**Student:** 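Please see the structure below; I have some questions.
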Amino acid sequence: TTEMIVVRVLARKMKRMMTRRRRSFRMREENKKVNKAEKNKRENRAALKKFIPMLIVCAVIGGITGGVSSFIGYSDFSGSIAEAALLIVNMMSPWAVIILGVSSFIACWAIYRKARSMYEGALAEADAADGAEAADTAGEPDEQIIEEIEDKLSQGMFILSVIMIVQMLFFGIMMADLENIAVHSFAITMVATGVFVVGNLAQLKQQQLMVDLEKEMNPSKKGSVYDAKFRDKWEESCDELEKIIIYKSAYKAYKTTALTCVILWIVTATLSIAFKTGPLPCIAVTVIWLVQTVSYCREAMKLERGGNR
């Protein structure tokens, strides 16, 4: 019938129109891919113009450094420098442990007491400002003062962490040459060992005091520094903005550590030629580098699969 013929004609027209639209869509997508590929090529060519000269310069510097290191390594000069440097560092290490331990305790205790007095003063001012209306409920301290207190606590935690790491470095150096150091200065060695042990306990207590003060100002915060899962519990109690700060800081630390590992690998490899330090320093740096890279990549792949959402 006429209606059926009209329907068939319209169906064929619609089919041809849909085919043209699909073909046009595919062409646009292909053009996008081509444009993206061309854009990638242009970006790569532009980057290569800077990368190749930098690579040549690094190769020249590496060749000169390797040649100088080999010359130093085959001469007696390297041995005398290494022995003198080791002697100075070994004799300094007990004193460094003592000075760092005492200075860390004094500085962080002063920061904590200042932060505590600021918080108590802010509470007192808030209660006094509330007057009779604050008879049943405590007043809220000013936000600006709270931020200043939190800045001081962050400074204290930063000082504690940095000094603890440096102190452990010098203590490890002292232990590496304990026999010679103890012969020349037995009393100082014992004092340094005592300061190291007591200092670590004092640093842990100071961390606990600072964390407890932070929890007083922010009751939503959870976790104790004596808990093995303190970091996980503290992260869970943070709000979204604080978590973003943690994650961005962690990624910045990852990039900095990766660059540091590259530099340290070059330095340790060069020193192994010049001063015969052996493969252990280079191996230690490589292990840290590898662990960091593998842990980051595994966690990223797990999160992409939705395994930790």
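Source: prediction; values computed, not measured. Basis for what follows: all heavy atoms, side chains included, without hydrogens, waters or symmetry-related copies. The first residue of the sequence shown is numbered 1, and numbering continues consecutively from there.
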**Student:** What's the verdict on side chain to side chain contact (heavy atoms under 4.5 Å, CB included) for Glu242 and Asp239, showing C-alpha distance, side-chain angles and the deciding distance?
**Tutor:** CA-CA 5 Å; Glu242 291 171 329; Asp239 58 30; 3.1 Å; yes
**Student:** Starting at CG of Leu153, measure out to CZ of Arg116 and round the result to the nearest 0.5 Å.
**Tutor:** 9.5 Å
**Student:** Partners of Glu235 by side-chain hydrogen bond (donor to acceptor under 3.5 Å, both in side chains), sequence neighbours excluded?
**Tutor:** Tyr247
**Student:** So do the side chains of Phe196 and Ile98 get within less than 4.5 Å of each other, counting heavy atoms only?
**Tutor:** no
**Student:** Are Tyr226 and Gln208 linked by a side-chain donor-acceptor pair shorter than 3.5 Å?
**Tutor:** yes
**Student:** Looking at Trp95, I'd like to know if its CH2 atom is crowded, meaning that more than 12 non-hydrogen atoms belonging to other residues, nucleotides or ligands lie closer than 6.0 Å.
**Tutor:** no
**Student:** Membership question, hydrophobic clusters at under 4.5 Å side-chain separation (ILVMFWY): are Ile163 and Val195 in the same one?
**Tutor:** no
**Student:** Any non-hydrogen side-chain atom of Ile283 less than 4.5 Å from a side-chain atom of Val287?
**Tutor:** yes
**Student:** At their closest point, which heavy atom of Ile246 faces which heavy atom of Cys238, and how far apart are they?
**Tutor:** CD1-SG, 4.1 Å
**Student:** Should Pro94 and Val191 count as side-chain neighbours, where that means a heavy-atom distance under 4.5 Å?
**Tutor:** no
**Student:** I'd like to know if the side chain of Gln167 and the backbone of Leu100 have a donor-acceptor N/O pair within less than 3.5 Å.
**Tutor:** no
**Student:** Salt bridge check, Glu147 against Lys152: does any charged N sit closer than 4.0 Å to a carboxylate O?
**Tutor:** no
**Student:** Can you name the nearest heavy-atom pair linking Ser237 to Ser220, along with the distance?
**Tutor:** CB-O, 3.3 Å
**Student:** Can you find a pair of side-chain heavy atoms, one from Phe171 and one from Ser93, that are under 4.5 Å apart?
**Tutor:** no
**Student:** If we ignore angles and hydrogens, is there a donor and acceptor under 3.5 Å between the side chains of Glu214 and Asn218?
**Tutor:** yes
**Student:** Just so I know, are the side chains of Gln206 and Tyr112 near enough to count as touching, which here means a heavy-atom distance under 4.5 Å?
**Tutor:** no
**Student:** I want to check something: taking the side chain as every heavy atom from C-beta on, are Met210 and Cys108 in contact at a cut-off of under 4.5 Å?
**Tutor:** yes
**Student:** When you compare the side chain of Met164 with that of Ser104, does any pair of heavy atoms fall below 4.5 Å?
**Tutor:** no
**Student:** Under a single-linkage definition using a 4.5 Å side-chain heavy-atom cutoff for Ile, Leu, Val, Met, Phe, Trp and Tyr, are Ile159 and Phe170 assigned to the same hydrophobic cluster?
**Tutor:** yes
**Student:** Is atom NZ of Lys243 surrounded by more than 12 heavy atoms (other residues, nucleotides or ligands) closer than 6.0 Å?
**Tutor:** yes
**Student:** Of all heavy-atom pairs between Ala122 and Ile145, which one has the smallest distance, and what is that distance?
**Tutor:** CB-CG2, 3.8 Å
**Student:** Is there a path of hydrophobic side-chain contacts, each under 4.5 Å between heavy atoms of I, L, V, M, F, W or Y residues, that connects Leu303 with Tyr296?
**Tutor:** no
**Student:** For Glu236, is there an ion pair with Lys233 - N to carboxylate O distance below 4.0 angstrom?
**Tutor:** no
**Student:** Checking Glu120 now: which residues fulfil side-chain hydrogen bond (donor to acceptor under 3.5 Å, both in side chains) with it, not counting sequence neighbours?
**Tutor:** none
**Student:** Closest heavy-atom contact between Val211 and Gly223?
**Tutor:** CG1-O, 4.4 Å
**Student:** With rounding to the nearest 0.5 Å, note down the distance linking CZ in Arg113 to CE in Met118.
**Tutor:** 13.5 Å
**Student:** How are the rings of Phe105 and Trp109 set relative to one another: parallel (under 30°), tilted (30 to 60°) or perpendicular (over 60°)?
**Tutor:** parallel
**Student:** Is any side-chain heavy atom of Tyr119 closer than 4.5 Å to one of Met217?
**Tutor:** yes
